[in-house]
Amino acid sequence: MQRAVPLLAASLLLLAAAATFPVARGHNITKILAQHPEFSTFNHYLSATHLASEINRRLTITVLAVDNAGMADLLAKHLSLLTLRNVLALHILSDYYSSRKLHQLSRGSTISSSVFQSSGHAPGTTGYINITDHRRGKVTFITEDAGGAPPAVLVKSLKEIPYNISILQISAILSSPEAEAPVAAPAPVNLTVLLAKKGCKAFADLLLARPDVLQIFEDNLDVGLTVFCPSDGAVRAFGPKYKNLTDDGKASLLLYHGVPAFYSPQLLKTNNGFFTTLATTTRNKNFHYTVRTDGDAITVKTRVVTATITSTILEQDPDAVYAINKVLQPRELFKIPEVVDADAPAPASKKSKHAAAGPEESPADQEASDNSALSLNAAGRWLTAATAATLAAAVIVLV
């Protein structure tokens, strides 16, 4: 027994350490740069071009920030906001580069893809950034189509969250004739007309019948909107359930099909997780769902139903519209279907995990709890494993 005491004490210490180990959190580029006033112009245009939200949604990213003087040189060219977006997108790399990593490049150089390259607006190899580690610690960045312009030089690191986001200051704006080429303004989006023409007329009619709800969708068209539109057949099949909803329930259901941010197909595939909906922001309830990649398919799961994206109706930043094969049913309005195993013993009398949400238990909170273990990083998982091993050893000694 005495031999087991030190092992048990050690295991308790490891459990305490695991409980207090930092949990991985998202980043907010706007808040980070707000701590550096000399980058206020760069920060402003990241928000104005909707690139800030794209940075925040990505799990691994490097931002090449330029100070106010460097941005003044860019703004002196009087580029449109859409063209500015392409230029600034060059400064967002789709990989994590800390200052240390830049000084340890294999063979002294590498090529990195930028958000401009992955946007679909960059022809050929434009949008790729050549990074070179020179002697005496000098690191340079230059585009594939720089056209004789000098490279930008690494100045310093502003913020690094390992393997998540790295914000580095460079000496000047990266030059690219392709990124600076004029961009035609997109035509205004008439949402209901678009839906009606693309197999979602029944859903469009539901929106037209609720002008208050339609207005919320339209108010988001200029700032960022993603719509998951159920097909006409799906809406017709769902009709009886829709008629049984209250007016507030109908409004929440319709708003549940909109997300107040732009998600391209690539972002949907790389940013799996919880999505806040228009119903969340206007009804002050959960009304979340998760988006998952299943092979080549993208699914939207509400815990009541799982819908699959069948086609892309519109992908025109800041708006995206996707056709889906089912009406999205939120847990706040519909009971979660229980899976019954005929060979299983009778369930205990305690409340089922899949019971309908009560007033004191929100579905999104429950789902977040179910997935809380996933938020621990590798070190936290190692501590848990070490604790389990220690406890097992203690048990063996006691026996």
Side-chain angles (χ1 to χ4, degrees), residues 22-36 39 41-67 70-71 84-105 110-122 126-131 139-144 152 154-170 173-174 176 179 224 226 261-275 291 293 317-318 320 374-375 377-378:
V23 175
R25 299 182 184 274
H27 50 263
N28 187 309
I29 183 66
T30 305
K31 289 184 178 180
I32 294 174
L33 288 178
Q35 301 172 17
H36 304 273
F39 295 91
T41 306
F42 183 80
N43 196 14
H44 167 75
Y45 279 99
L46 285 183
S47 297
T49 58
H50 305 292
L51 286 171
S53 57
E54 185 157 344
I55 292 170
N56 294 339
R57 287 194 293 265
R58 291 179 179 255
L59 301 179
T60 303
I61 204 81
T62 297
V63 179
L64 305 178
V66 180
D67 64 15
M71 284 297 296
L84 280 174
R85 175 185 169 87
N86 286 343
V87 174
L88 294 181
L90 280 171
H91 297 72
I92 306 170
L93 308 183
S94 305
D95 200 355
Y96 175 82
Y97 291 97
S98 64
S99 56
R100 180 178 179 181
K101 182 178 178 179
L102 291 173
H103 291 296
Q104 296 177 343
L105 295 176
T110 189
I111 297 177
S112 180
S113 172
S114 70
V115 168
F116 176 55
Q117 192 281 326
S118 61
S119 68
H121 301 302
T126 59
Y128 285 97
I129 309 299
N130 290 294
I131 308 174
V139 177
T140 60
F141 303 82
I142 191 169
T143 62
E144 286 282 311
L154 174 66
V155 177
K156 63 182 179 182
S157 173
L158 298 178
K159 179 75 173 182
E160 295 178 5
I161 302 177
Y163 309 108
N164 188 328
I165 184 172
S166 174
I167 306 175
L168 308 172
Q169 180 185 0
I170 60 175
I173 287 288
L174 297 174
S176 167
T226 298
F262 169 72
Y263 283 91
S264 66
Q266 183 63 28
L267 284 174
L268 290 177
K269 290 179 180 179
T270 58
N271 292 274
N272 288 183
F274 284 107
F275 277 58
V291 174
T293 301
D317 189 6
L374 298 178
S375 64
N377 57 22

With a sphere of 6.0 Å drawn around NZ of K159, does it hold more than 12 non-hydrogen atoms of other residues, nucleotides or ligands?
no
Where is the tightest heavy-atom contact between [X] and [Y], given as atom of each residue plus distance?
X: S176; Y: L90; value: CB-CD1, 3.5 Å
X: S166; Y: Y97; value: OG-O, 2.7 Å
X: L105; Y: T110; value: CD2-CG2, 3.9 Å
X: A65; Y: L158; value: CB-CD1, 4.1 Å
X: S112; Y: S94; value: OG-N, 4.3 Å
X: I29; Y: V63; value: CD1-CG2, 4.2 Å

Under the side-chain contact (heavy atoms from CB on, under 4.5 Å) rule, what do L168 and V139 come out as? Steps first, then yes or no, please.
CA-CA 11 Å; L168 308 172; V139 177; over 6 Å; no
Are the side chains of [X] and [Y] in touch, meaning some heavy atoms are under 4.5 Å apart?
X: H27; Y: I167; answer: no
X: K31; Y: N56; answer: no
X: H91; Y: I170; answer: yes
X: E54; Y: R85; answer: yes
X: I129; Y: F116; answer: no
X: R58; Y: V115; answer: yes
X: L93; Y: I131; answer: yes

Measuring from atom [atom1] of [X] to atom [atom2] of [Y], what distance do you get when rounded to the nearest 0.5 angstrom?
X: L64; Y: L154; atom1: CG; atom2: CG; answer: 8.5 Å
X: D95; Y: S114; atom1: CG; atom2: OG; answer: 12.5 Å
X: I165; Y: N28; atom1: CD1; atom2: CG; answer: 9.0 Å
X: T226; Y: F262; atom1: OG1; atom2: CZ; answer: 7.0 Å
X: I55; Y: L46; atom1: CD1; atom2: CG; answer: 5.0 Å
X: Q104; Y: L102; atom1: CD; atom2: CG; answer: 9.5 Å

Partner set under ring-ring contact (aromatic ring centres under 6.0 Å, His included) for F39, not counting sequence neighbours:
none
Pairs in or reaching into residues 42-52: which pass side-chain hydrogen bond (donor to acceptor under 3.5 Å, both in side chains), with residues at least two apart or in two chains?
none
Specify whether F275 and Y263 have parallel, tilted or perpendicular ring planes, treating 30° as the upper limit for parallel and 60° as the lower limit for perpendicular.
tilted
Just one of D67, L88, I173 clears the side-chain contact (heavy atoms from CB on, under 4.5 Å) bar with F42, so which one?
L88
